[in-house]
Amino acid sequence: MTDPAALPELAPDRPPVDQPRRSWVEQVMGMPVSLHVRGPHAREQTDQAEPADRAERAGDGAGGEVEQAVRRVIADLHRTDEIFSTYKDGSQINRIRRGELALAASDPWVLEVAELCELARERTDGWFDARLPGSDGVRFFNPTGLVKGWAIARGCERLSAELPGHDVLVNAGGDIAVRCRRTDTPDWQLGIENPAERSQVLATVPLRTGGMATSGTAARGAHILDPATGLPVTGLLSVTVIGPDLLWADVHATAAFAMGPDCVDHLAALADHLSFVVFLDGSTRTITPRTPS
Amino acid sequence: MRRIAIAVMSTISGLVLLFSYHTSLGSGGGSSTTTLPDPNQSTPADTAAADSGAASPGATDPGAATQQSAGANTVSGTFTGDVVDTQWGPCQVRIVVKNSKIVKATAVQFPNGNHHDDEINSWAVPQLQQATVAVNGAGFDALSGATVTSEGYRGSLQSALDKAHL
């Protein structure tokens, strides 16, 4: 019917190729985490290939390696939950809070996160602060606001590193990390939800590598606290930040949301980041990096 | 990155949290001055002038901009920007334009630094397209919004997107 020679010419710099694709969803850290893999072996089942074939093809995601890599990343997320959850009595964060565990003696992941929390506080002029007041008013080390972005960025990086020739996307309840190792696939298309009407998308962003995080109150009510007062902030509907690393996109989205409408200056000062703010009246603003001076 | 590392180091003493501050910051190599990575890079251009095709002296291939007009009102071609001196070192970007749209941006020069800086520097700020559309009619891979909880997921549109590829 169709003459192949008559097909429209594909863009010479990036002909999009339809690669097999599969997604997994895991409920962990109190939210759904979906992992998407796109590439030649995305849909292969574990043990489908003969052992000899598996050895020969090792390292390219064949013979169920995709599934196994996904399982390892999911296991990391569960381990993150065990260590950092403030809802689990025996978590290291709760033991540190109760004085049963010294920070210096805790898991290397806790130390890494503690360092990053300190960097985050500096980079946001104190608007991101992991030393939150508890219900008793006493401030304690609660890195929850950073752990999700850290864990997802890390998981995405690990999944991508283990799957040459494949593209990956990890979405943790609306915070998204992507990495493409192929160059012949279409960009991941990420949508920013309308916080006032969640069946609508207000903007779309194509992304191959990086992260996109949104802070807002639509799904969980007011849950971001002003570090100065400890009270919930409600000055914006949502802030979305897109950058090379989900961890920092998430930190800046959280800090900007706490700042309220004044966040525009902070966001414009971020090199390499693109931001999208939805104000209380529903108006929106796209913020690109200020020209370097 | 290095600047921040130094700033952190200088305030380290009073912070209990930073008890074992050596792992990632140690990779800075202890250097505390800004290093100019490329000896061939002689004269950084004054500002980030947007003049297409302008390349400063000492840049890799000055005058390499090729410009072919695809139509009366559109621009296509490859353009190399001026070298811009950032606090981390010189930076220069080359773009490929097709029908007045940037289709590719490459860093010709970027400041040397640790691996993380390289990653950031090779990253180009994407284009955001603003348009209100209903989710169910569009080809998205993922949706970003305020965090969806496990309880809220079943009915969410993201769950439908995920299911499409299970």
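So you know, we letter chains A, B, ... as the sequences are listed, proteins then strands, and number each from 1. Values in this document were obtained by computation on a predicted structure and should not be read as measured data.
Heavy-atom distances place the side chain of A/I176, and not its backbone, under 4.5 Å from chain B. Only the backbone of A/A213 comes within less than 4.5 Å of a heavy atom in chain B; its side chain stays farther off.
Listed here is the closest heavy atom pair of B/Q129 and A/P206: NE2-CD, 4.2 Å. Between B/G145 and A/E193, the shortest heavy-atom distance links the atoms CA-OE1, 3.8 Å.
The distance from atom CD of B/Q127 to atom CG of A/L207, rounded to the nearest 0.5 Å, is 12.5 Å. If you take OG1 on A/T286 and CG on B/L128, they are separated by 4.5 Å, rounding to the nearest 0.5 Å. Taken from CG in B/L143 to CG in A/L190, the straight-line distance is 9.0 Å, to the nearest 0.5 Å.
Top candidate by heavy-atom pairs under 4.5 Å with chain B, chosen from A/G173, A/S238, A/P20, A/P108, is A/G173. Comparing A/G243, A/A102, A/A130, A/G210 by how many heavy-atom pairs each has under 4.5 Å with chain B, the most go to A/G243. Highest contact tally toward chain B, considering only A/D175, A/I242, A/T240, A/V239, is held by A/I242 [criterion: heavy-atom pairs under 4.5 Å].
Of the possible donor and acceptor atoms, one in the side chain of B/S144 sits under 3.5 Å from a partner among the backbone N and O of A/G174.
Here the side chains of A/H36 and B/D141 are not in contact, with every heavy-atom distance at 4.5 Å or above. Contact of the A/R208 side chain with the B/P126 side chain is not registered, since no non-hydrogen atoms from C-beta on lie closer than 4.5 Å.
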